[in-house]
Amino acid sequence: MTRHHGRVPELPEVESIRRQLAPLLTGRTIVGVKATPQRRFSRLDEAAGRRISAVNRRGKYLLLPLVPAPGAGDPAGRSSPDRELVMHLGMTGSFRLADPDPYVRATFHLLADPAGPHGGEGAALHFRDVRRFGRLSVVDAGDYSTIATLAQLGPEPLSEEFRPDAFHAALAGSRMPVKPYLLTQRPVAGVGNIYADEALWRARVNPHARRVGRERARALWEAIRAVLAEAIEREGTTFRDYAMVNGESGRFATFLTAYGQAGRPCARCGEPLVKTVLGGRGTTYCRVCQRR
DNA sequence: CTAACTACCTGAACGC
DNA sequence: TGCGTTCAGGTAGTTA
């Protein structure tokens, strides 16, 4: 599976993972789950005996609808999902199909796939997570009431549901500084610390701003869409062609203009970017371009 | 209800 | 070299 160069998975990374997992998991039946006891795992046993009917994404969450598999007393099986596997990668979560190591926290054993490339050989999906911030939950299909952030998740940034006027209204209705508010996932889904800094820089919005006017909100709306779309595109394309320098790809280093660039000159005005702590999170921005 | 604060978790980086 | 301390950060739970 994809390595993430030490980056925390945000929407583009999760979408990249979704695209890799979808052809591997869709239609496969989970026969068993083995997981280390963790407070962020719940009801995983209910995934057993169910078939993955899709691999979807909302924000940074992966959503796998689960359909009861035909059993002894249920020969026909049902076609609609009655459960859903909700997965969040946290800080360090990733998936792999082979080579489990001590950091694998959960393994989903899959029924042999007769149509698969290995002629029906059984397989397993391993969830690896060094820091254990990831979350794996089986819920009643469509019922996210136990996952507050998902239940209140804002619109998908690259969908038609994400509208500049509603986004402006959301920003106007919050008394929080704009960056921490973005990180709540409520005004828009999937923006984390990295792309928040990037989008705010692009839109010239100060991360501390508690009031964002219509024009600036519109610019931020556009910047969020642009930076996420560009990141998704890069995840899916030139990945392997870049020389790896100290664990990061060259494309990654050149792509980001704010995050991780503290002390380096702003690409627009040359002023050294500053790093502060806002809402408990490292925040890099330009004091000149991103005036209050 | 909103917003602010803290806990969770562990390897890496840093200081002496 | 080795050990102790600090940092990173998404989310959830608690408190005001």
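Chain identifiers are assigned alphabetically (A, B, ...) following the order of the sequence lines, protein sequences preceding nucleic acid strands; residue numbering begins at 1 within each chain.
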Taking the six-membered ring of A:Trp221, is the NZ or CZ of A:Arg163 close enough (under 6.0 Å from the centre) and on axis enough (within 45°)?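 No, a cation-pi geometry is absent between A:Arg163 and A:Trp221.
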
To the nearest 10°, give me the bend of the helix from B:dT2-C:dA16 to B:dC16-C:dG2, comparing the axes of its five terminal pairs at either end.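 The two end axes of the helix from B:dT2-C:dA16 to B:dC16-C:dG2 meet at 40°.
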
Are any of the side-chain nitrogens in A:Glu156 or A:Arg57 under 4.0 Å away from the carboxylate oxygens of its partner?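 So A:Glu156 pairs with A:Arg57 through a salt bridge.
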
Any salt bridge linking A:Arg43 with A:Glu46? Criterion: basic side-chain nitrogen under 4.0 Å from a carboxylate oxygen.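 Salt bridge: yes.
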
Nearest to the side chain of A:Arg175, which nucleotide is it out of B:dA3, C:dA12, B:dA4?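 Nearest to the side chain of A:Arg175 among the choices is B:dA3.
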
Side chain of A:Thr149: nearest nucleotide among C:dA12, C:dA8, B:dA3?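 The listed nucleotide nearest to A:Thr149's side chain is C:dA12.
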
Base-contact (B) and sugar-phosphate-only (S) positions in nucleotides 5-10 of chain B, heavy-atom cut-off under 4.0 Å, - elsewhere: ---BBB

Check A:Leu153 against A:Ala189 and note the closest heavy-atom contact, atom names and distance.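 Here A:Leu153 and A:Ala189 meet closest at CG-CB, 3.6 Å.
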
Between A:Arg128 and A:Ala106 (side chain of the first, backbone of the second, donor and acceptor by atom type, cut-off under 3.5 Å), is there such a pair?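 Such a contact is absent between A:Arg128 side chain and A:Ala106 backbone.
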
From CA spacing to verdict: salt bridge (Lys or Arg N to Asp or Glu O under 4.0 Å), A:Asp197, A:Arg202: CA-CA 9 Å; A:Asp197 276 5; A:Arg202 285 196 186 201; over 6 Å; no

With ring centroids as reference points, do A:His88 and A:Phe133 lie under 6.0 angstrom apart?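 A:His88 vs A:Phe133: aromatic centres not under 6.0 Å.
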
Indicate, with a heavy-atom threshold strictly under 4.0 Å, whether A:Lys179 touches base, sugar-phosphate, or nothing.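 No contact.
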
Mind checking A:Thr184 for me? I need base, sugar-phosphate or nothing, with any heavy atom below 4.0 Å counting as a touch.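 No contact.
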
Measure from [atom1] on [X] to [atom2] on [N] and round the result to the nearest Å.
X        : N      : atom1 : atom2 : result
A:Glu13  : C:dG9  : CD    : C1'   : 14 Å
A:Asn193 : C:dA8  : CG    : P     : 10 Å
A:Ile147 : C:dG10 : CD1   : C1'   : 14 Å

Looking only at side-chain N and O atoms, does A:Glu161 offer a donor or acceptor that is under 3.5 Å from a partner on A:Ser159?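 On atom types as modelled, these side chains do not qualify, holding no pair under 3.5 Å.
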
Can you tell me if A:Lys60 touches the phosphate of C:dG9, counting only side-chain N or O atoms and a distance under 4.0 Å to OP1 or OP2?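 Negative; the distance criterion is not met.
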
